[in-house]
Amino acid sequence: MKFLRQEQPAGVPHIAIKLLKVFGITDRPEERFRILPVMLTYVLIIVVPKSFYGYPNFELGIIGIAELFFQTNTFVGIFLLFLNRRKLDQLFSQARSFSQTVLRESPPAVVQHLTTQHGMIHKITRLFCIVVMYAAHFYVFAPFLSTLYTFFTMVQQDGNETMHYTLQMEENFYGLTIRTSAPHYFLFGLVMTPTCYLCALTGTVKTLTVCNITIYCTLYFQLVQVRLRTADTQSNAFHQELKAIVKMHQDALNCASLLESITSLVLLQQLLLCVLIWSSMLLYFTVSGFNVNFMSLFVLFVFDTTETFAYCYLGEQLSNESARVARTVYESSWETQTTAIQKDLQLVLVRAQSPVGITAGKFCYMNMEQFGIILKTTYSFFVILRDQL
């Protein structure tokens, strides 16, 4: 697991950067072609079969549509990050410069907070990658195991019934009889197995990138607060220290501005498709029994719910930590300082009062209140679908 090892400097999302390079989401022209086979796989193996070849029955149609919404959210999201690769590269450069400055010039308490939080973020990121890897294994191999179980059951019963194979994704694959023909099913499995792993990797990269850069921007505002609290207000060098804090705060705001610009369209798509994904999956759960399809779709449901919740929770954390900088200034005994120091503190205060966060297309901030709105909208949409069908 060398790919997931912790690296330096602290304060930079190293795992997300490595994963983005796998997809060619860098500022190097020679690496950009890597996104092409990813998007071709999405279009030719997922979109075209699911959109134009129909489904055998209503239940399987719901699964196919839900999977299409889910994979569209994943692959279009990673493509939007690809379009913002220059801004991502700029954000990573600023994050690296910010972290190196903190490690080189800040008091021990600030450095300790940065290294501690960096280690914790790395552990959570690594754990998430491992969990997704095991979930992908289940999603890939559960249909094969279900098919084997059905085969041995039919052999023991000496039945003459037609064998129906369990698919990894519900679709009619370019006219092949993959549900009843063993050779066609085997061919479909050869194509779909790497595709499923690619879907898992793509979703992991998208989710980790948005979450990691949001977490690190939140950490930068925490570092500003720690440095304000630990600064010696009675020292003759406090004015010079405050100048460094003002610059540090501005750098954190610049990173947050880049973050919002990069993730805006990704989160707008998440907001819109999340309602469609949840409502279609809930509709299937209400009309189907417990089987492999149910469990596979439930894995996708949990992943999408966790992803949306993470964006809203982390977005609220970012907004709160940015606003707490202003509160920290209020608690710094600013009224006892000289006029020059008060002006610098006022500058930090004014900047900290501007709202900071991640938005869905600049229409709304992603926070826990918005997560509640998504849940209510999803339930309303689900009730309408259920009543119409």
* Could you verify whether a donor N or O on one side chain and an acceptor N or O on the other, from R96 and Q100, lie under 3.5 Å apart? => no
* Asked: T263 pairs by side-chain contact (heavy atoms from CB on, under 4.5 Å) with which of N84, I358, T359?
  -> I358
* **Side chain N172, main chain G54, donor-acceptor under 3.5 Å** => yes
* At what distance, to the nearest 0.5 angstrom, does CD1 of I25 lie from CG of L80? -> 10.0 Å
* Can any side-chain N or O of T204 pair as donor or acceptor with the backbone N or O of C129 at less than 3.5 Å? -> no
* **Close side-chain approach of Q225 and R327, heavy atoms under 4.5 Å** => no
* Asked: Quick one: does T41's side chain get under 4.5 Å of L44's, heavy atoms only?
  -> no
* Asked: Should the pair E170-R179 be classified as a salt bridge under the 4.0 Å nitrogen-to-oxygen rule?
  -> yes
* Backbone N/O of Q112 and side chain of T115: donor-acceptor pair under 3.5 Å -> yes
* Which heavy atom of Y365 sits nearest a heavy atom of P355, and at what distance? -> OH-CB, 3.6 Å
* **Shortest non-hydrogen separation from V48 to Y53 and the atoms involved** => O-CD1, 3.7 Å
* To do: For atom CZ of F298, decide whether the heavy atoms of other residues, nucleotides or ligands shown that lie under 6.0 angstrom number more than 12.
  => no
* Can L83 be reached from I262 by stepping across I, L, V, M, F, W or Y side chains whose heavy atoms are under 4.5 Å apart? -> yes
* **Check: A142 main-chain N/O paired with S146 side-chain donor or acceptor under 3.5 Å** => no
* To do: Could you grab the distance from atom CD1 of I215 to atom CD of E321, nearest 0.5 Å is fine?
  => 12.0 Å
* Give the cluster check for Y185 versus F141: same hydrophobic cluster or not, with ILVMFWY residues linked at side-chain heavy-atom distances below 4.5 Å. => yes
* Structure fact -> On a heavy-atom basis, the closest approach of T74 and C199 is CG2-O, 4.0 Å
* Asked: Going by atom types alone, do T72 and Y42 pair a side-chain donor with an acceptor below 3.5 Å?
  -> yes
* **Beyond-backbone contact of V12 with F98, side-chain heavy atoms, under 4.5 angstrom** => no
* Asked: Is there side-chain contact between H249 and R227, with at least one heavy-atom pair below 4.5 Å?
  -> no
* Asked: Quick one: do L36 and F79 end up in the same hydrophobic cluster if we chain Ile, Leu, Val, Met, Phe, Trp and Tyr together by side-chain heavy atoms under 4.5 Å apart?
  -> no
* Note: K247-D251 ion pair, threshold 4.0 Å (strictly below) -> yes
* Asked: So, N212 versus T125: side-chain donor-acceptor pair below 3.5 Å or not?
  -> yes
* With a cut-off of 6.0 Å (strictly less than), are more than 12 heavy atoms of other residues, nucleotides or ligands near CD of E369? -> no
* To do: Check the pair L283, T286 against side-chain contact (heavy atoms from CB on, under 4.5 Å), reporting the backbone distance first and the verdict last.
  => CA-CA 5 Å; L283 183 62; T286 59; 4.2 Å; yes
Atom pairs and distances, donor-acceptor, side-chain atoms in residues 269-282, under 3.5 Å, two or more places apart:
unit_1, atom_1, unit_2, atom_2, d
Q269, NE2, N73, O, 3.0
Q269, NE2, N73, OD1, 3.1
Q270, OE1, N73, ND2, 2.9
Q270, OE1, K206, NZ, 2.9
Q270, NE2, T308, OG1, 2.8
W278, NE1, D304, OD2, 3.1
W278, NE1, T305, OG1, 3.2
S279, OG, V275, O, 2.7
S279, OG, L276, O, 3.2
S280, OG, L276, O, 2.8
S280, OG, I277, O, 3.0

* Asked: For the atom pair CG (N254) and CD (Q94), what is the distance rounded to the nearest 0.5 Å?
  -> 5.5 Å
* To do: Report whether Y311 and V131 are members of the same hydrophobic cluster (ILVMFWY, side-chain heavy atoms less than 4.5 Å apart, transitive linking).
  => no
* Asked: When you measure from the side chain of H14 to the backbone N and O of P9, does any donor-acceptor pair fall under 3.5 Å?
  -> yes
* Might you point out which heavy atoms bring R126 and I15 nearest each other, and give the distance in Å? => N-CD1, 4.5 Å
* Answer with yes or no whether the side chains of Q222 and Q117 bring together a donor and an acceptor at under 3.5 Å. => no
* Verify the cluster assignment for L297 and V302: are they in a single hydrophobic cluster under the rule of side-chain heavy atoms below 4.5 Å apart? => yes
* State the OG-CZ distance between S319 and R324, to the nearest 0.5 angstrom. => 10.5 Å
* Does Y139 reach the side chain of L300, with side-chain heavy atoms less than 4.5 Å apart? -> yes
* To do: Spell out, as yes or no, whether a donor-acceptor pair under 3.5 Å connects the side chain of S261 to the backbone of S257.
  => no
* Asked: Under a 4.5 Å cut-off applied to non-hydrogen side-chain atoms, are P37 and L40 in contact?
  -> no
* Scan side-chain atoms only and decide if T218 and Q317 contain a donor-acceptor pair under the 3.5 Å cut-off. => no
* **V299 versus A135, closest heavy-atom pair with distance** => CG1-CB, 4.4 Å
* **Spatial distance of atom CD1 (I65) from atom CZ (F69) [nearest 0.5 Å]** => 6.5 Å
* Look at the rings of Y220 and Y216 and say which category their plane angle falls in: under 30° parallel, 30 to 60° tilted, over 60° perpendicular. => tilted
* To do: Give a yes or no on whether the ring-centroid distance for F371 and F309 is below 6.0 angstrom.
  => yes
* Asked: Heavy atoms, side chains only, cut-off 4.5 Å: are L91 and C255 in contact?
  -> yes
* With ring centroids as reference points, do F82 and F23 lie under 6.0 angstrom apart? -> no
* Going through the checks in order, is the side-chain contact (heavy atoms from CB on, under 4.5 Å) test met by V22 and V205? -> CA-CA 9 Å; V22 172; V205 175; over 6 Å; no
* **Atom of F188, atom of E171 and distance for their closest heavy-atom approach** => CE1-OE2, 3.8 Å
* Asked: Does the side-chain contact (heavy atoms from CB on, under 4.5 Å) test come out yes or no for S106 and L223, once each step is laid out?
  -> CA-CA 10 Å; S106 297; L223 295 174; over 6 Å; no
* Asked: Which one of V226, L318, N320 satisfies the side-chain contact (heavy atoms from CB on, under 4.5 Å) criterion with F221?
  -> L318
* Asked: What residues join L190 in its hydrophobic cluster, counting side-chain heavy atom gaps under 4.5 Å, either direct or through other members?
  -> F186
* To do: Apply side-chain contact (heavy atoms from CB on, under 4.5 Å) to the pair H113 and L219, showing each step before the final yes or no.
  => CA-CA 9 Å; H113 186 78; L219 175 59; 3.8 Å; yes
* Whether H118 side chain and G11 backbone form a donor-acceptor pair below 3.5 Å -> yes
* With side chains defined as the heavy atoms from C-beta onward, is the minimum distance between T378 and I374 less than 4.5 Å? -> yes
* Parallel under 30°, tilted from 30 to 60°, perpendicular over 60°: which one fits the rings of H137 and Y197? -> perpendicular
* **CD1-OG1 distance between I46 and T195, expressed to the nearest 0.5 angstrom** => 6.5 Å
* Asked: Are S264 and K362 linked by a side-chain donor-acceptor pair shorter than 3.5 Å?
  -> no
